[in-house]
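The shown structure was predicted, so the numbers you read here are calculated from the model rather than taken from an experiment. Both ligands and their constituent atoms are indexed starting at 1 by order of listing.
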Amino acid sequence: MNQYLSKIGRRIKEPPISWLMKTAIETPGLISLAAGFTDSLTLPVEETFLITKNIYKKAGKIALQYGSTEGDINLRQLTSDRIKMLDNVENPSYLPERVLITNGSQQFLYMLVEALCEEEDIILVEAPTYFVFLGILQSHNIAARNIKLDPDGINIDSLKATLDCLDKNGELQKVKFFYSVSYFQNPTSYSTAENKKREILKILKYYEKKAGHPIYYVEDTAYRELRFAGQDIPSGLSFTNLNNHVIYTGTYSKPFATGIRVGYAFLPPEIYQVIKRIKGNHDFGTANYLQQIIVEAIKSGIYAKHLKIIAKRYSEKANLMGKEIKNNFDFPVHYITPTGGLYFWVALPDKAKTGFKSRVFQQALKKKVIYVPGEICYADDPYFKKPTNELRISFGYSEETDISAGIKRLGDAIRESIS
Ligand SMILES: Cc1ncc(COP(=O)(O)O)c(C=O)c1O
């Protein structure tokens, strides 16, 4: 029927996020705890107004012209300096020549898959993981293997067992990278400990000898700068003798303005040019105007100031959501209180199913509140049974009154569905 479409065109499914967003917009009075949107109240509106005025005064002609495929050199230098400063180490992996500026980190993830993967290749992912990334794999007919996730990063035994199994099945050559959301993970808010990152890199190095090609460690750090408690953790780029196959991607969307949508990646030299060529075909460069806004925000100190503002705000909203969960979820639940990012990841009793068709979801919808069903955050994997009793709820976008009302409604919906 759809034979005129490409294989991707035929295969691609409606991303669940589209339905969740449409329902949130079209249902009056609905509280969406599903969206990964950031806080609206603290968006840097005045600051960006001043920045743009300055841009017109100082570099209007540059900002309104096309730029280069790899991105503005000032922004690449500032990004290099920032991540080096966070990691507190100096080595060649931070060089601005290794930085590629992208249209959000989402574009980078898509280009990375295009650059490295063939149909039926295999990507290792955390279980659970960022479900939009799973959509990229599904549409390209790329398989995923779920690696069990613990609160301090993936379970090392699960990683080894999966790689051993792939080796035994003669499938190691198909494994191209391990994708990890290593800071305040989407959806769990777990962060990967420094010692685990070292172990992961050692294990991947061992198996890539058998695979006959690099197995990259892809660190998606989208939430790194949304930390409101605890210490930062160095990235894999910082391990000077282990980092040759580390790919680091980050974004200015979440920490500054999702509407500006500038992301970046630090890439090993052997794949930098390939991904740059792909970007050349995609759009031959991220909008220069948007890049200049980020340059000015960082140079003026507005960016650093903004990080402090959002840390305080998210800390307050996370505390409130934690309190409301404690007060309203009067049935057995498991969750950790996040110290950064945007999400609570909640496990209900086993019998409480949370999928789109479940009683819990339908009851929640009736009470005008929605969440992300946990099961969409797990890859289809024949070796893994997906849990069906979890949910992701976000304190990112909702204001205090909606957090309180939303959690109360959700508590009622769950209680009524499982009693
Ligand atoms: C883990 C993760 N990576 C990447 C992205 C994409 O962000 P952006 O394209 O705005 O940089 C998101 C957005 O929600 C995310 O949660």
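The nearest heavy-atom contact from the protein to atom 3 (N) of ligand 1 is D220 OD2, 2.6 Å. Given atom 14 (O) of ligand 1, the protein heavy atom at minimum distance is K254 NZ, 2.8 Å. Scanning the protein heavy atoms around atom 5 (C) of ligand 1, the nearest turns out to be Y130 OH, 3.3 Å. Protein heavy atom closest to atom 16 (O) of ligand 1, with residue, atom name and distance, is Y223 OH, 2.6 Å.
Here atom 4 (C) of ligand 1 lies nearest to S105 when heavy atoms of S182, S105, G250, G341 are compared.
Below 4.0 Å from some heavy atom of G104 lie the following atoms of ligand 1, by number and element: 8 (P), 9 (O), 11 (O). Close contacts of ligand 1 with V181, meaning ligand atoms under 4.0 Å from a residue heavy atom, involve 1 (C). Close contacts between ligand 1 and N186 involve ligand atoms 16 (O) [criterion: under 4.0 Å to a heavy atom]. Atom numbering of ligand 1 starts at 1 in the shown order; those under 4.0 Å from a heavy atom of T251 are 8 (P), 11 (O).
Taking the six-membered ring wherever Trp is involved, the centroid distance between the rings of F37 and Y397 falls below 6.0 Å. Proximity of the aromatic rings of Y378 and F131 is defined here by a centroid distance below 6.0 angstrom, and this criterion is not met.
In terms of polar-atom proximity, N103 is not counted as a contact of ligand 1, lacking any N or O under 3.5 Å from an N or O of the ligand. Residue contacts with ligand 1: R261 is placed with a nitrogen or oxygen under 3.5 Å of a nitrogen or oxygen of the ligand (distance criterion only).
Neither the backbone nor the side chain of Q107 has any atom closer than 4.0 Å to an atom of ligand 1 (non-hydrogen atoms only). Proximity of Q185 to ligand 1, defined as any heavy-atom pair under 4.0 Å, is not found for any part of the residue. Counting heavy atoms closer than 4.0 Å to ligand 1, residue F133 contributes nothing at all. Of all the heavy atoms of A222, the ones lying under 4.0 Å from any atom of ligand 1 belong exclusively to the side chain.
Few gaps surround NE2 on H213; more than 12 heavy atoms of other groups in view lie less than 6.0 Å from it. With a 6.0 Å radius and a threshold of 12 heavy atoms from other residues, nucleotides or ligands, I156 has its CD1 atom above the threshold. Counting heavy-atom neighbours within 6.0 Å of K205 NZ, excluding the residue itself, gives a total above 12.
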**Request:** Would you please test Y66 and F284 for ring pair (Phe, Tyr, Trp, His ring centres under 6.0 Å) and show each step?
**Result:** CA-CA 9 Å; Y66 277 137; F284 51 90; 5.2 Å; yes
**Prompt:** Yes or no on side chain to side chain donor-acceptor pair (under 3.5 Å) for D81 and Q77, after CA distance, side-chain angles and deciding distance?
**Reply:** CA-CA 6 Å; D81 293 344; Q77 182 69 57; 3.1 Å; yes
**Item:** Derivation and outcome, salt bridge (charged side-chain N to carboxylate O under 4.0 Å, His left out), residues E225 and R82
**Value:** CA-CA 11 Å; E225 296 189 282; R82 246 202 104 62; 2.5 Å; yes
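Not a single heavy atom of Y252 sits closer than 4.0 Å to an atom of ligand 1. The shortest separation from a heavy atom of T258 to ligand 1 is not under 4.0 Å, leaving the residue out of contact.
Under the 4.0 Å criterion applied to side-chain N and carboxylate O atoms, K276 and E70 are assigned as salt-bridge partners. Using a 4.0 Å cut-off between charged nitrogen and carboxylate oxygen, E171 and K174 count as a salt-bridge pair.
Between L342 and G36, the shortest heavy-atom contact is CD1-O, 3.6 Å.
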